[in-house]
Amino acid sequence: MKATHKHLMAGAAALALLAPGAGQAAPDAYMIGLSVDITGPSAPDSGPTADALRIYFDRVNAQGGINGKPVKIEVRDNQSQPARAGADAKSFASDENVILIINSALSSTYEPVMTEGRRAGVPVLFAGGVCPKEVFPPADPLMFCTSSYAAEKDTEFAANYIHEASGGKAILGTISTAIPLSRAGIEHGISVAEKKGIKVVAHETIPPPTPNYAPFATKLKETKMDWGLTWGPWIVQIRIFEALRQLGWDGKLMAYGHLISEDEMLRLKDPGLLLFRTSSMFSDGQPIHKEVMAAAEGKTKFPTTYMSEGWVAGQAIEAALKKVAWPPTRAKMQEAMNDVTIDTKGLRGQPIVWTKTNHFRTESAYRVYAWSKDDNKPKAIKDWVKVEIK
Amino acid sequence: MAQASGYFKTSYGQELRLIETTTQKVALAAFVVVLLVYPFFAKPFFLDLANQVFLAVIAASALMLLTGFAGQISLGHAGLLAAGAFTTGILYKEVGAPFWVTLPASAVVGALLGLVFGLPSLRLKGLYLAVTTLALHFIVAYAGGEYETKRGYSTGVSVSPPSLFGFELTQGRHWYFVLLAFDVLVVLFCLNLVRSRTGRSFIAIRDHDTVAEALGIPVKRTKLLAFVISSVLTTLTGSLLAYYQGFVTIQAFTIYLTIEYVAMVIIGGSGSMLGAILGAVFVVLFPHVIEAAIRLVPASRHLVNDAFAINFAAFGLIMVLFLIFEPLGLVGIWRRLRDYFLLWPFRQTAVGKGG
Amino acid sequence: MQVLANLVVLTAIYALISCGYVLIYRVSRVLNLAHGELMMLGAYLLFTLASLFKGGPELAFAGAVGLSLLVGFVLYVVLMRKMTGELVIAAVLVTIALGILLRGLMVLIWTARDLHPISVLGWKNPPVPLGGGTSISSVALATILVAVVLYLALMLFFRYTRWGLQMRAVGERPLLAAQRGIKLHAVYALAWALSTFSGGLAGMLLALDSGLGSTMVIVGLKAFPAALVGGLDSLLGAVVGSFIVAAAEILAIHFIDPLISDVVPFVVLIAMLLVRPWGLFGTKEEIERV
């Protein structure tokens, strides 16, 4: 075994390279760690969130920071791999100055990050990915979430809306993606719809990497459904819709309105595609929308309408940090987050209110958007419906 | 580095030794000391990296046995890891089975899967075989996803830390020693295996199976054996991984994970246990090293997303470069370095090229 | 009826993709596992050219197809040429590594988000009625036509042209072919160029029909059983294999459970490998058997 020397050398070299920040002095800034999927499967959603956070705090810092101190975000790419996310979290946690860890990736990365957060007593904020059950009441003291979507709450709203809009006469077909979370969300939606007396004629689960959606659409169309409900990754939601339209299906499809959906609505211009979401659309043209678009212009490779999730996370962090007196600690940060009202300035239908036991939001509001031919832009066809979260 | 250049083997016994010279003995002892002391000085992050390396070493050794020694290509490695992790997760969730049950159970599942997916290797070679093992991946992924959904564990199956002798394994440092012990056992086992009759049969089959058959090696049985041993080690890693991470989800086991393990074998150096270890170290640490390097570059913040994409591409590029310019991998580089110092001031030239 | 139309479309898609596997395998025995990424690259090239030549979608399309051809040629000259004479498996591993490299570069240049080249080109994709309430999308119809033309052209090319003959010769006995004065590297480079050309076409058509995103890599991988079922070194086999796999998948979606459509191609494949490992139309001697 001639391994030994090499081992030593490799080990030493790795250590030397890996410990650049070894002699860390207390920095003169609020330190935040961000573990995000930039090159992995959820990159289309997480990438813009990382960009938005960067743009948001660059602006905050340029205006003098928070309480006179700048905010510094350290970014690591976890590729939605649990092991990488866990290592990121450990690295952040081992730096005493980091007072918050943000995670934005597939839900498979949540568990290791939460474990590390609990071990080291660092608050964890989930932004842009689906909210874990730990943030709902009774919330884990350290876990928080600003993401706009939450599987079962969403499909429950959607099922109720379908019942209302169709006068209870909908013949409903449901479509989920072959990932456990999406299937669970849709199954909940089905049970809500059936309780209301809606006839559910189909539940198709589609594996995402499929070259042609026509066979799935054919089967759905044969059920004579006139309403569809889908909740899952955007790609499956939209491709099944387009495939159904190709076959001449003229019903309405309720789909969750991810970041990307506004852009897609402009592309499709189809009034039968109903997007339910808790974020407002940039086409509303409120001051905040213009502000975000102006700030992000030229600073990201993504369309500026993708910035919404990251921007809200930025607002949440800023609101909490304002209450964290210098010098910051993890405990202070946690305390601040435990009781904060985040003014989303219209990016969401409601301010986000976190209490000791509810780290999702005490009240959520959904809107349904559809393409309006008259105005030539997406328009809310159902204004904010408040949903209490208990 | 002064390994006597005049050291020649004079008996078969020497040929079989693991430790050949005093220098090696000293170096190994020093390495062991470093390994034992490391967890008392390392930060949790570095401890975690070490643990990840240890886990990777077991599974990389498994793949090295199968691909590097027995010459059977497998693209089902992530599937096997998932099978081990899910066996553990399911047994824990459904019947509350302890560590001492789940670990052997995972091994049994591994043996069965190895047997089943080793069967095509009796008829197929090379690429055709690789594709059947790819099928294993998709089937396990399907089954795992079904379990998660049907039982309502949509964000993953959580697994509590195992207890060994009434002692809960939660801290990174404790894990470090447990995994280190596993590594030592597995590496010794593999080293001994490849020096044994079975291991030599593996190599014979890899190099020329017809000749191997003619020499009286039971090719079919040996191939199956290689599959079974490799699968058992891999599912064991999967089981440990489930406990170490505290949860299991099918989304963690992608084709990309398989590629990472294949990369470990290539970059480390095919056909060498040292290669498996070096490959595991390299592939696990590489992205972190690059990220650390990126952070050192001032003004990199605005390019941060680009930097990660570059990181990803760099991984592919390094693999390409290794395959083209250094097919022997890190082991090859190491050997050349060693020989350079060993033979200094003489220069080594390849046989047939010397002038 | 609609089911039948879907079947033809899916067969055409798989045939277009698996053609690329067959072309390279046939002459060099190398399996190109970066084929999915190369398909994606073709589609991304189309997207970029479409953004550049706003007025001329046809020009953009032709340009992207031409570039795809060039990509294969360059890849061979720069990269794969170094692997000739090495173990075949080493060459396959190079293609895996190449795939990772390409994916990183594509995220770097185009980000990971979904793109829609068709809207940039300004084309439409209306359904084409086939009678009896059956319809397929225009791009799907184009895919079928392209697949038919491409396969016919390739078969004629292999049968009647000098280069085609040379490619067949190299595929059968590289050593003898080289001794007869056939330039091996030129033939291999041509095979690579044709493969990325057909793969790029497949990628572009897929992207035109349903958008361009990172799942295309896996779609590329899924077409792979089709090539194997038919026999990796036979073009006719690729078509038949595509048909069988597509049929199995569609039957599974329609009559069993859509969820297993992911697994079905591989089940068909294993069944085939156990019965006729060299595939339906493959050459029996070709496969290395124990």
Side-chain angles (χ1 to χ4, degrees), chain A residues 37-48 51 77 79 175-178 183 202-222 233-236 238-243 245-249 258-260 263-264 266-269 300-303 306, chain C residues 2-3 5-7 9-10 12-14 17 36 103-104 107-114 116 118-119 125-129 133-140 143 202 206 209-211 213-223 246 249-255 257-263:
Chain A
D37 179 357
I38 290 176
T39 52
S42 89
D45 291 318
S46 309
D51 274 357
D77 178 19
Q79 297 183 344
I175 304 111
S176 60
T177 307
R183 290 168 70 181
H203 177 198
E204 298 296 332
T205 303
I206 304 178
T210 194
N212 192 352
Y213 284 73
F216 301 96
T218 305
K219 196 177 174 196
L220 282 166
K221 198 189 162 214
E222 278 172 9
W234 179 253
I235 171 170
V236 173
I238 197 65
R239 287 190 185 174
I240 192 69
F241 177 72
E242 290 184 70
R245 280 288 187 259
Q246 283 287 347
L247 293 177
W249 182 73
H258 295 276
L259 288 177
I260 184 176
D263 227 34
E264 293 277 273
L266 295 173
R267 181 172 69 84
L268 291 173
K269 300 188 180 0
T300 171
K301 285 184 186 171
F302 295 96
Y306 286 28
Chain C
Q2 185 65 49
V3 176
N6 293 341
L7 176 58
V9 173
L10 195 59
I13 292 174
Y14 280 149
I17 301 174
R103 228 176 313 160
V107 173
L108 185 65
I109 301 172
W110 290 283
T111 75
R113 73 194 174 95
D114 266 23
H116 290 275
I118 192 161
S119 26
N125 185 18
V128 181
T134 307
S135 68
I136 59 175
S137 71
S138 314
V139 176
T143 308
L206 273 176
D209 203 20
S210 53
S214 55
T215 52
M216 197 180 280
V217 173
I218 307 183
V219 170
L221 209 60
K222 272 180 81 180
E249 207 174 319
I250 285 183
L251 290 178
I253 291 170
H254 227 74
F255 297 108
D257 182 357
L259 203 51
I260 61 165
S261 64
D262 237 6
V263 188

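We name chains A, B, ... by the order of the sequence lines, and we start the count at 1 in each one. Here the structure is a predicted model, which is why all the values come from computation and not from measurement. Hydrogens, waters and symmetry mates play no part in the numbers below; they use all other heavy atoms, side chains included.
Nearest heavy atoms, C:Leu259 versus A:Pro207: O-CG, 4.1 Å. Scanning both residues, A:Pro211 and C:Lys222, for their nearest heavy atoms gives CD-NZ, 4.2 Å. The two atoms that bring A:Lys301 and C:Ile109 nearest to each other are NZ-O, 4.5 Å, heavy atoms only. The two residues C:Val219 and A:Thr210 come nearest to each other via the heavy atoms CG2-C, 4.1 Å. For A:Thr39 against C:Val107, the heavy-atom pair with the smallest separation is CG2-CG1, 4.3 Å.
Considering OG of C:Ser137 and CZ of A:Arg245, their distance stands at 15.5 Å, rounded to 0.5 Å. Interatomic distance, C:Gln2 CD to A:Lys221 NZ, rounded to the nearest 0.5 Å: 7.0 Å. Atoms NZ and CD1, from A:Lys219 and C:Ile250 in turn, are 12.5 Å apart once rounded to the nearest 0.5 Å. In this structure, OG1 on C:Thr215 lies 3.5 Å from CD1 on A:Ile235, to the nearest 0.5 angstrom. If you take CG on C:Asn6 and CG on A:Asn212, they are separated by 6.5 Å, rounding to the nearest 0.5 Å.
Within the 4.5 Å cutoff, no side-chain heavy atoms of A:Glu242 are placed close to those of C:Asn125.
Proximity to chain C is absent for every atom of A:Ser42, based on heavy atoms less than 4.5 angstrom apart. In this structure, no portion of A:Tyr213 lies under 4.5 Å from any heavy atom of chain C. There is no contact between A:Asp45 and chain C, counting heavy-atom distances below 4.5 Å. Looking at C:Pro126, the atoms closer than 4.5 Å to chain A (heavy atoms on both sides) all sit in the backbone: N, CA, C or O. Contacts between C:His116 and chain A at a heavy-atom distance below 4.5 Å involve the side chain alone, from C-beta outward. Both the backbone and the side chain of C:Ile253 come within less than 4.5 Å of a heavy atom in chain A. With a 4.5 angstrom heavy-atom cutoff, A:Leu247 touches chain C via backbone and side-chain atoms both.
Here C:Gly211 is the residue among C:Gly220, C:Ser214, C:Gly211 with the most heavy-atom pairs under 4.5 Å with chain A. Taking chain C as the reference chain and counting heavy-atom pairs below 4.5 Å, the highest number among A:Arg267, A:Glu264, A:Glu204 is found for A:Arg267.
With sequence neighbours excluded, the residues forming a side-chain contact (heavy atoms from CB on, under 4.5 Å) with C:Ser210 are A:Arg239, listed by chain and number. Partners of A:Gln246 under the side chain to side chain donor-acceptor pair (under 3.5 Å) rule, at least two apart in sequence or in another chain, do not exist in this structure.
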